[in-house]
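The figures that follow rest on heavy atoms only: side chains count, while hydrogens, waters and symmetry mates do not.
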Amino acid sequence: MLYVSSTLMWAYPVEAAVLIARQYGFAGMEVWAEHVWFYQSDPKEIQQAAKRAGMKLTLHAASWDLNLCSLNHGIRKQSIEEVKRSLTLASEIGAKSVTIHPGRVTLSPRNRSWHEPILIESVNELAYEARKKDCMLSIEHIEPLPKEMIVTPQDMNQLRTALEYPTTTTFDIAHVPLSCSLSQFYRELEGIDKIHVSDATATKLHVPLGTGEIDLLGIWPLLFEEKRPVVVEGFDDARSLSQLKQNMVYLRQEDCVSFG
């Protein structure tokens, strides 16, 4: 099922973006929590818009400026609270799957051993909160930057195994290095319930499909082998929706998948 990220329609409130997404033929939308809060949208209006349009919703929890295992206790505590606030939002709009970004080290990779138990503690608390909200926490692997902790299938699988409460995994093809095998990364990653798709170059992530260097046609059949959300990602704050339209050109030209 092909979904679209609300951030590709940032110039519009989420309740309007839902209707735009449906007009473009998407089956669902991944709502970014920050998008809702930026416009101070009413969650009930978002849920009603989705029902009227026959759109399914997932949620991407707050992630900008946050770190779930920060060395700074205040930052760490507030980061957890922002994700809990996101889980409440997911419950209000009827989104069952909630993607979160894992934490990262504050200073140097040499400090990883201090951060690892803190990350497990933080994510475990959030997974428990998600269960209470009748949601599922879906952890997203991140691009391999020096301070990031969860960047390989092994990192993700080990984190999820260490948790007391159930979670799933968000697979993001743009976060896999161009030098790595996408299909191998995908097969090694356990518990995938949602997939993020966008293109990437050596210097920029999340560019429109067909404008980067990812072997999209090579990975596409694997992404749709099971019935789960495949979310077209990106960020565009122009009312012209130029990046969304670029993605649509690629999808329709390649006849990659049925939207429904």
Side-chain angles (χ1 to χ4, degrees), residues 5-7 30-41 43 58-93 95-172 175 189-191 193-194 196 205-206 235:
S5 171
S6 72
T7 52
E30 179 141 295
V31 175
W32 279 60
E34 288 100 339
H35 195 165
V36 177
W37 300 334
F38 180 77
Y39 284 94
Q40 299 182 332
S41 294
T58 61
L59 188 102
H60 195 298
S63 61
W64 298 334
D65 302 322
L66 306 183
N67 184 1
L68 294 175
C69 60
S70 173
L71 188 67
N72 184 304
H73 175 75
I75 297 297
R76 184 166 73 249
K77 181 179 179 181
Q78 188 60 39
S79 297
I80 293 170
E81 289 305 312
E82 291 299 324
V83 177
K84 285 184 177 180
R85 184 182 173 205
S86 303
L87 291 168
T88 298
L89 174 61
S91 179
E92 291 172 340
I93 67 173
K96 296 296 185 182
S97 177
V98 181
T99 291
I100 68 164
H101 284 188
R104 59 192 178 277
V105 301
T106 299
L107 297 173
S108 159
R110 290 192 298 274
N111 302 122
R112 183 183 178 108
S113 61
W114 184 91
H115 289 273
E116 284 178 340
I118 303 299
L119 177 60
I120 292 169
E121 179 183 339
S122 297
V123 177
N124 212 39
E125 182 177 346
L126 293 169
Y128 173 68
E129 184 72 16
R131 189 173 73 166
K132 290 198 301 181
K133 299 288 187 185
D134 193 27
C135 302
M136 178 60 71
L137 206 66
S138 186
I139 309 168
E140 182 176 0
H141 64 95
I142 307 300
E143 65 270 26
L145 298 173
K147 293 184 179 182
E148 295 294 347
M149 297 175 65
I150 308 301
V151 301
T152 69
Q154 292 73 30
D155 293 334
M156 178 66 75
N157 297 342
Q158 289 172 8
L159 171 60
R160 292 183 58 242
T161 299
L163 299 172
E164 184 178 352
Y165 300 100
T167 59
T168 55
T169 301
T170 296
F171 174 47
D172 191 317
H175 290 171
L189 199 58
E190 299 172 357
D193 80 322
K194 184 195 303 178
H196 289 170
L205 302 183
H206 305 306
F235 180 86

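Shown here are the side chain to side chain donor-acceptor pair (under 3.5 Å) partners of Arg76, two or more places apart in sequence or in another chain: His73. Shown here are the salt bridge (charged side-chain N to carboxylate O under 4.0 Å, His left out) partners of Glu148, two or more places apart in sequence or in another chain: there are none. Partners of Glu125 by salt bridge (charged side-chain N to carboxylate O under 4.0 Å, His left out), not counting sequence neighbours, listed by chain and number: Lys84. Not counting sequence neighbours, the partners of Arg85 by the salt bridge (charged side-chain N to carboxylate O under 4.0 Å, His left out) test are Glu82. Considering only residues two or more places apart in sequence or on other chains, Ser91 meets the side chain to side chain donor-acceptor pair (under 3.5 Å) condition with none of them. The salt bridge (charged side-chain N to carboxylate O under 4.0 Å, His left out) check on Lys77 picks up nothing, with sequence neighbours excluded. Here Arg112 pairs with Glu116 under the side chain to side chain donor-acceptor pair (under 3.5 Å) rule; sequence neighbours left out. Residues that satisfy the ring pair (Phe, Tyr, Trp, His ring centres under 6.0 Å) test with His206, not counting sequence neighbours, are His175. With sequence neighbours left out, the side chain to side chain donor-acceptor pair (under 3.5 Å) criterion links Glu34 to no other residue.
Remark: the Asp155 side chain and the Thr152 side chain contain an N/O donor-acceptor pair separated by less than 3.5 Å.
The distance from the CD1 atom of Ile75 to the CG atom of Leu66 is 8.5 Å, given to the nearest 0.5 Å. Going from atom CH2 of Trp114 over to atom OG1 of Thr106 covers 6.5 Å, rounded to the nearest 0.5 Å. In this structure, NZ on Lys132 lies 9.5 Å from OG1 on Thr88, to the nearest 0.5 angstrom. Rounded to the nearest 0.5 angstrom, Thr7 OG1 and Glu30 CD are separated by 8.5 Å. Atom CG of residue Asn72 and atom CD of residue Gln78 lie 11.0 Å apart, to the nearest 0.5 angstrom.
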Exercise answer: donor-acceptor pairs, residues 96-103 side-chain atoms, under 3.5 Å, sequence neighbours excluded:
| from | atom 1 | to | atom 2 | distance (Å) |
| --- | --- | --- | --- | --- |
| Lys96 | NZ | Asp134 | OD2 | 2.6 |
| Ser97 | OG | Asp193 | OD2 | 2.9 |
| Ser97 | OG | Lys194 | NZ | 3.4 |
| Thr99 | OG1 | Thr170 | OG1 | 2.8 |
| Thr99 | OG1 | Lys194 | NZ | 2.7 |
| His101 | NE2 | His60 | NE2 | 3.3 |
| His101 | NE2 | Glu140 | OE1 | 3.1 |

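Listed by first and then second residue, the salt bridge (charged side-chain N to carboxylate O under 4.0 Å, His left out) pairs that reach into residues 58-68 come to none, sequence neighbours excluded. Screening residues 148-170 for ring-ring contact (aromatic ring centres under 6.0 Å, His included) gives Tyr128-Tyr165 as the qualifying pairs, with residues at least two apart or on separate chains.
The aromatic ring centroids of His141 and Phe171 lie less than 6.0 Å from each other. Here Trp32 and Trp37 keep their ring centres 6.0 angstrom or further from each other.
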Note to self: The test is side-chain contact (heavy atoms from CB on, under 4.5 Å); show your working for Ile139 and Thr169 and say whether it passes.
What the structure shows: CA-CA 5 Å; Ile139 309 168; Thr169 301; 5.7 Å; no
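Annotation: side chain of Val31 is not in contact with side chain of Thr58 (no heavy-atom distance under 4.5 Å). A heavy-atom distance below 4.5 Å is found between the side chains of Leu89 and Leu59.
Looking only at distances, a side-chain donor or acceptor of Asn124 sits under 3.5 Å from a matching main-chain atom of Glu164.
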